[in-house]
Number of protein chains: 2
Amino acid sequence: MASLRTAVADTVARKSVSRTGRLVSAPRMGLVPAAQRLPLDEILVGDCIAAMNALPAASVDCVFADPPYNLQLGDGSLLRPDQSRVDAVDDAWDQFSSFAAYDEFTRAWLTAARRVMKPNATLWVIGSYHNIFRVGSVLQDLGFWILNDIVWRKANPMPNFRGKRFTNAHETLIWASRSAESKGYTFHYEALKGGNDDVQMRSDWFIPLCTGDERLKGADGQKVHPTQKPEALLARTLLSATNAGDVVLDPFFGTGTTGAVAKRLGRRFIGIERETVYAEAARARIDAVEPLSKAALLVAPTKRAEPRVAFLSVIEAGHIRAGEILTDARGRHEAVVRPDGTLMVGPAMGSIHKIGALVQGFPSCNGWDFWHAKRDGKLVLIDVFRGRMRAAMGSAA
Amino acid sequence: MASLRTAVADTVARKSVSRTGRLVSAPRMGLVPAAQRLPLDEILVGDCIAAMNALPAASVDCVFADPPYNLQLGDGSLLRPDQSRVDAVDDAWDQFSSFAAYDEFTRAWLTAARRVMKPNATLWVIGSYHNIFRVGSVLQDLGFWILNDIVWRKANPMPNFRGKRFTNAHETLIWASRSAESKGYTFHYEALKGGNDDVQMRSDWFIPLCTGDERLKGADGQKVHPTQKPEALLARTLLSATNAGDVVLDPFFGTGTTGAVAKRLGRRFIGIERETVYAEAARARIDAVEPLSKAALLVAPTKRAEPRVAFLSVIEAGHIRAGEILTDARGRHEAVVRPDGTLMVGPAMGSIHKIGALVQGFPSCNGWDFWHAKRDGKLVLIDVFRGRMRAAMGSAA
DNA sequence: TGTACCAGTGAATCAAATA
DNA sequence: GTATTTGATTCACTGGTAC
């Protein structure tokens, strides 16, 4: 079994132990030993920059990094409408004094990561609008070559509780090669296409949050890590951009999603994590993972729910015009279509559902099955237009 | 009819003409005249930084910017599988010598844009992974406050012809306020929700490319502009974050999608475009646009915007009697209505909000959404009575 | 053993008017 | 300027308990 290497940074000599030990130091920053064996399938506890500098140059095939996002939360706490408190990410490891400090941190770890990457290795970084623009700029400055930015569309994001912004429903991953000259990177184009109804895999991925049994919980029932990523997300990245047997380095290992998925998919991993609590949870988690048989290492096709279609989208697509009049099946009720996708009857405005309910005097109504538009002299249910939208959306849900 | 102001930058004195003229200069960079009238619904031909510096400070409600993407194409041309050539964006205006040069350009135009923004104005910028990380970083450095990043998911993106990457199926928009202190920005939360099946609008938008009749073509049948954006995209941004009558500035006007949509939706625009060919196409396009009726552009009032109603008024109007007992939805808590519009529970007295918070043990509570009165054997939320008061006051819907 | 209802929760840069 | 008051605001999913 692989080991967990845990130690504080100044105790290298005393605590550095053999492959079978459970506690292994990450060396101190500045000590860059000559090339040495790779700590495969191990978790190094310590600072990721020092630990990466202790690895041989050009030794890993892929890097997956989920760095601190540098969230800048307000002073007060955010309450839900039912007055319960949102459990915000306010851990010390996510605090930076300024954008400049965050940039410097980003430059440091990206530089260290780039050194250990093989010439054709690729790097993945995930982030949100708080940090991803900093990361992307620094990465370009360092000579990385962006291959794609990928949007993780969350199936079940946290809503916006105050109604002040759009629901923040996605995060962004950057996929980059080591340099513009690195043309030989791994990309399993055909496998991805085969798992996606034989059309090219797009840059927007629809994947649920990590919840349920997959989410690691402590003895107190609380989540072990505030930002554990779903295995499905890691699986798609590793299946896309690595081969079985490849070495994947994760410098912000957390509770080890990268390691768990790597083991399951027949990849090797090197994890680096500063917090012992996370590293220990990761070790136990990964030890329990059963690798898939080699034959089973195919891309799992994505399960697709029927995509939600906004009435506004039907207008934007030109199926229905703003200003047009909709009626019910018998023409007894009329409503005007507004450009924002609401309907208007007299002074009342609201969704197709709300206004449908209003004109009938019902508490509720499914507007899609109520309102009609006139086409070629005949009334057409607006749900027909939604069906056309869904057909056009195809695999994009 | 509004004018097209076209001129080269060094001919201000000679070519600057009246509102009805078709050729109007943008002043030279560095000349920043004192506040002057806004060139509403006009297109200024010239450098956007100089033109913005000639506008009065704090004069526009919204900025929409589609800057050059700084695409870094290889030397060779890209061929489709059928050997036809992909018409790449290789125009001179998209060429920058380095990331640093692009950053400097970005800093310059964002600084100029920020000056002309009203305190509660917001900015939209669209880009791809080639430039959006630079733009986002600079924008944060300048003090803009990101509200959302929005993903435009393309219904029909160009495939990846070589099978070397994921289909680049989206672009990113950043929506930012002028500063972290700008809390009063416009966001039509209710209308967006109403147009989206009564659930919050998310940060990922599914919208087709600009094709077909909407795509401007020259006499030769070729597209006039290589990156014309779909009107649906602009419509959603303007409906989200501006009011009818607001002034929208677009410093990279191109063929005028922003202007066309602004006119259709009853907004005013100021367009700045360097290339006369684009500006002339935009002018003709916008002149042909028919605005929507004012009635169709009314905004559904949010609760916050509706007239304030005192609980005492509800008692005075006879909807609720002094001495009556109010309860929560399940009858677990009771309070007595006092003639002065306060509630009483045991020895405690206070507003509907204070007493609601008290009995629940919460720090705060919206009493309108908590207390109920019994009418015909059923519990009725007191907010219903407020609604009747407002209806009687003439506040529609 | 279903079904219905209720409670909990996820990387959050989340108020505005009045005194 | 600060302090207080008023009062606006959630989606998809999981899991436990009641019936």
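Residue numbers start from 1 in every chain, and the chains themselves are labelled A, B, ... in the order their sequence lines are given, proteins ahead of strands. Fair warning: this is a prediction, and the values are worked out from it, not measured in the lab. Values reported hereafter were calculated over all heavy atoms of this structure, with side chains retained and with hydrogens, waters and symmetry mates removed.
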Any side-chain donor near an acceptor of the partner, [X] and [Y], under 3.5 Å:
| X | Y | value |
| --- | --- | --- |
| A:Tyr102 | A:Asn131 | yes |
| B:Ser137 | A:Ser137 | yes |
| B:His170 | A:Asp149 | yes |
| A:Tyr129 | A:Glu171 | no |

Among D:dC11, D:dC13, C:dA11, the nucleotide that comes nearest once only the side chain of A:Asn156 is considered
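Comparing D:dC11, D:dC13, C:dA11 against the side chain of A:Asn156, the answer is D:dC13.
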Compare the minimum distances between each of D:dA8, C:dA12, C:dA11 and the side chain of B:Asn366, then state the nucleotide with the smallest one.
D:dA8
Pick base, sugar-phosphate or nothing for [X], based on heavy-atom distances below 4.0 Å to the nucleic acid.
| X | result |
| --- | --- |
| A:Lys229 | base |
| A:Cys210 | nothing |
| A:Pro67 | base |
| B:Ile146 | base |
| A:Pro157 | base |
| B:Arg386 | sugar-phosphate |

For C:dA12, does OP1 or OP2 lie under 4.0 Å from any side-chain N or O of B:Asn148?
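No.
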Taking [M] as the reference, what is the distance to [N] when you measure between their [atom1] atoms (whole Å, please)?
| N | M | atom1 | value |
| --- | --- | --- | --- |
| C:dA11 | D:dT9 | P | 25 Å |
| D:dA8 | C:dT18 | P | 13 Å |
| D:dG16 | C:dT1 | C1' | 16 Å |
| C:dG10 | D:dT10 | C1' | 12 Å |
| C:dT13 | D:dA12 | C1' | 23 Å |

Classify the side chain of A:Arg80 versus the base of C:dG10 as yes if they form a donor-acceptor pair under 3.5 Å and no if they do not.
yes
Counting the benzene-type ring for Trp, do [X] and [Y] have ring centres under 6.0 Å apart?
| X | Y | result |
| --- | --- | --- |
| B:Phe144 | B:Trp175 | no |
| A:Phe253 | A:Tyr278 | no |
| A:Phe64 | A:Phe252 | no |
| A:His130 | B:Trp145 | no |

List, with names and distances, any nitrogen or oxygen atoms from the protein found under 3.5 Å away from nitrogen or oxygen atoms belonging to nucleotides 14-19 of chain D.
none

List the residues meeting side-chain hydrogen bond (donor to acceptor under 3.5 Å, both in side chains) with [X], not counting sequence neighbours, and say none if there are none.
| X | result |
| --- | --- |
| A:Thr106 | none |
| B:Thr237 | none |
| B:Trp152 | none |

For DNA chain D, find the residues of residues 81-96 of chain A with a heavy-atom distance under 4.0 Å and give them by number; none if there aren't any.
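Here the set is A:Pro81.
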Check side chain to side chain contact (heavy atoms under 4.5 Å, CB included) between A:Ala232 and all other residues, then give those that pass, not counting sequence neighbours.
A:Ile207
Only counting residues at least two apart or in another chain, list the ones meeting side chain to side chain contact (heavy atoms under 4.5 Å, CB included) with B:Asp61.
B:Lys118, B:Asp246, B:Val247
Hey, which sits more toward the 5' end of DNA chain C by its nearest nucleotide, A:Phe99 or A:Lys223?
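Result of the comparison: A:Lys223.
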A:Gln222 vs A:Ser77, nearer the 5' end of DNA chain C by closest nucleotide
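By nearest-heavy-atom nucleotide position, the 5'-most residue is A:Gln222.
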Sort me out a list of protein N/O and nucleotides 14-16 of chain C N/O pairs below 3.5 Å, or just none if empty.
unit_1, atom_1, unit_2, atom_2, d
C:dC14, O2, A:Asn160, OD1, 3.1
C:dC14, O2, A:Phe161, N, 3.2
C:dC14, O2, A:Arg162, N, 2.5
C:dC14, N3, A:Phe161, N, 3.0
C:dA15, OP2, A:Arg162, NH1, 2.9
C:dA16, OP1, A:Lys164, NZ, 2.6
C:dA16, OP1, B:Lys183, O, 3.3
C:dA16, OP2, B:Lys183, O, 3.4

Using atom names, set out every protein N or O paired with an N or O of nucleotides 3-8 of chain C below 3.5 Å, distance rounded to 0.1 Å.
none

Ranges pairing with ranges for DNA chain D, where each run has three or more Watson-Crick or G-U pairs under 3.5 Å
C:2-10 with D:11-19, C:15-19 with D:2-6
Base of C:dT13 relative to its sugar, syn (within 90° of 0) or anti?
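Base orientation: syn.
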Whole-Å gap separating C1' (C:dA12) and CG (B:Leu147):
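In whole Å, C:dA12 C1' and B:Leu147 CG are 13 Å from each other.
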Pairs where residues 345-368 of chain B contributes a residue and the test side chain to side chain donor-acceptor pair (under 3.5 Å) is met, not counting sequence neighbours:
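As it turns out, the side chain to side chain donor-acceptor pair (under 3.5 Å) pairs with a partner in residues 345-368 of chain B, which skip direct neighbours, are B:Asn366-B:Asp369.
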If we check side chain to side chain contact (heavy atoms under 4.5 Å, CB included) with B:Phe370, which of these qualifies: B:Val359, B:Ile352, B:Ile355, B:Leu381?
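Testing B:Phe370 for a side chain to side chain contact (heavy atoms under 4.5 Å, CB included) against B:Val359, B:Ile352, B:Ile355, B:Leu381 leaves exactly one candidate, B:Val359.
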Distances for protein N/O vs nucleotides 3-6 of chain D N/O pairs under 3.5 angstrom?
unit_1, atom_1, unit_2, atom_2, d
D:dT6, O3', B:Arg308, NH1, 2.7

